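Structure, as structure tokens:
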Amino acid sequence: MSHSLKLLSLLADGRFRSGESLGRELGLSRGAVWKQIQRLRDLGVECHSVKGKGYCLAAPLELLQPQSILASVDECARNLLPDIEIHQEIHSTNRHLMERLGALQCGHVCLAERQTAGRGRRGRPWVSPFGRNIYLSLYWQYSLSPPELSGLALAVGVAVAEALHTLGVEGAALKWPNDVLWRQRKLAGILLEMSGEAAGPYHVVVGIGLNVRMGAGPADEIDQPWSDITSALGREVSRNQVAGILIGALLQTLERYQREGFQPFRQAWQRYDAYIGQEVSLQSPGETVSGVMRGVDASGALLLETANGLHTFHSGEVSLRPKVVDPCC
Ligand code: BTN
């Protein structure tokens with residue numbers, strides 16, 4: 001374990017520890033402890049230092065631990081999980097797995113306390129401050145063709161919504177294709193990256209960013225309405241438990257998709273559909289189409305009822321159309 005990680009676990013409960021006692025436990029001089037505190041600050045961890053009292057974290061912190069995560073993985077999924085790797089800091093968990101496709105076993109999980117270049121959909125960054133949320137990537141291999149994989153991102157959305165339900169979050173909803181919302185605010189984002197030859201197999205990296213306790217400072221960088229599990233539940237939650245429940249739901253979903261495709265997930269997706277039966281706009285490069293959201297077809301394509309009938313769409317950005325209020329009413 002690195003010095004900074006040991007220091008973090010000594011300070012994790014949020015209480016003051018003197019530089020002297022920290023130095024004793026770490027086998028470091030007081031000056032070297034101070035340098036390690038600086039290293040934590042560089043990672044984005046807020047630390048206070050008070051003369052005569054020592055050091056403490058601005059808020060208690062629960063670090064991710066493989067054994068604690070494993071304890072929350074559904075028993076039926078444990079045999080689908082070969083390995084969990086946890087990084088204190090990494091550019092992007094998705095990029096890390098995409099660069100190692102040939103060396104990974106199906107079900108391999110990578111988590112990070114912080115991402116320095118978290119990737120979102122459509123080239124957007126994913127804000128990933130230290131120790132606050134879940135940044136997770138999971139590798140899976142399919143012997144399905146690309147058209148057969150078109151509903152996979154939606155099935156993953158259902159897995160995330162169900163994991164949230166297990167955690168006690170009421171009212172999580174999906175915005176096509178797979179944004180996870182709570183009260184119209186983004187709670188989680190899903191990024192699937194794929195690679196493979198036409199003859200297969202297909203390598204898939206499922207990336208999930210799930211806000212647990214975002215905190216005001218880092219949130220300043222987010223350019224859309226957001227929420228986190230702590231707000232949705234109205235209480236603190238263990239990140240290890242969140243990660244374990246999420247991993248269990250994902251593994252079972254990815255394995256079932258190999259056998260049954262999108263079909264068994266379609267109804268559940270529609271139950272979680274944030275906009276079903278509502279007026280929406282679908283924006284894609286060059287055109288905007290308006291209509292009533294009618295769910296998804298058997299492949300996961302969006303069904304929109306427009307003025308001239310029911311149409312399917314395979315890409316675009318959905319948004320709710322503001323309700324026009326009749327001034328006479
Ligand atoms: C979105 O834009 O909605 C998708 C966000 C996906 C973010 C996650 S965080 C873990 C994984 N690693 C990344 O770099 N991105 C995904």
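Each ligand, and each atom within it, is numbered from 1 in the order the structure gives. These figures come from a predicted structure and were not determined experimentally.
Between Tyr257 and Phe265, the angle of the ring planes stays under 30°, which puts this pair in the parallel group of the 30/60° scheme.
Sorted by chain and number, the heavy-atom contacts of ligand 1 below 4.0 Å come from Ser92, Thr93, Asn94, Gln115, Gly118, Arg119, Gly120, Arg121, Trp126, Tyr135, Leu136, Ser137, Asp179, Lys186, Gly189, Ile190, Leu191, Gly207, Ile208, Gly209.
For Arg30, there are no salt bridge (charged side-chain N to carboxylate O under 4.0 Å, His left out) partners, not counting sequence neighbours. Applying the side-chain hydrogen bond (donor to acceptor under 3.5 Å, both in side chains) criterion to Arg132, with sequence neighbours excluded, gives no partner residue.
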Please table the atom pairs, donor to acceptor, closer than 3.5 Å between any side-chain atom in residues 40-47 and protein atoms at least two apart or in another chain.
from  : atom 1 : to    : atom 2 : distance (Å)
Arg41 : NE     : Cys47 : O      : 3.4
Arg41 : NH1    : Gln38 : OE1    : 2.9
Arg41 : NH2    : Cys47 : O      : 2.9

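By the 4.5 Å heavy-atom criterion applied to side chains, Gln241 and Leu167 are counted as neighbours.
Although no hydrogens or angles enter the test, the distance criterion places a donor-acceptor pair under 3.5 Å between the side chain of Lys175 and the main chain of Val318.
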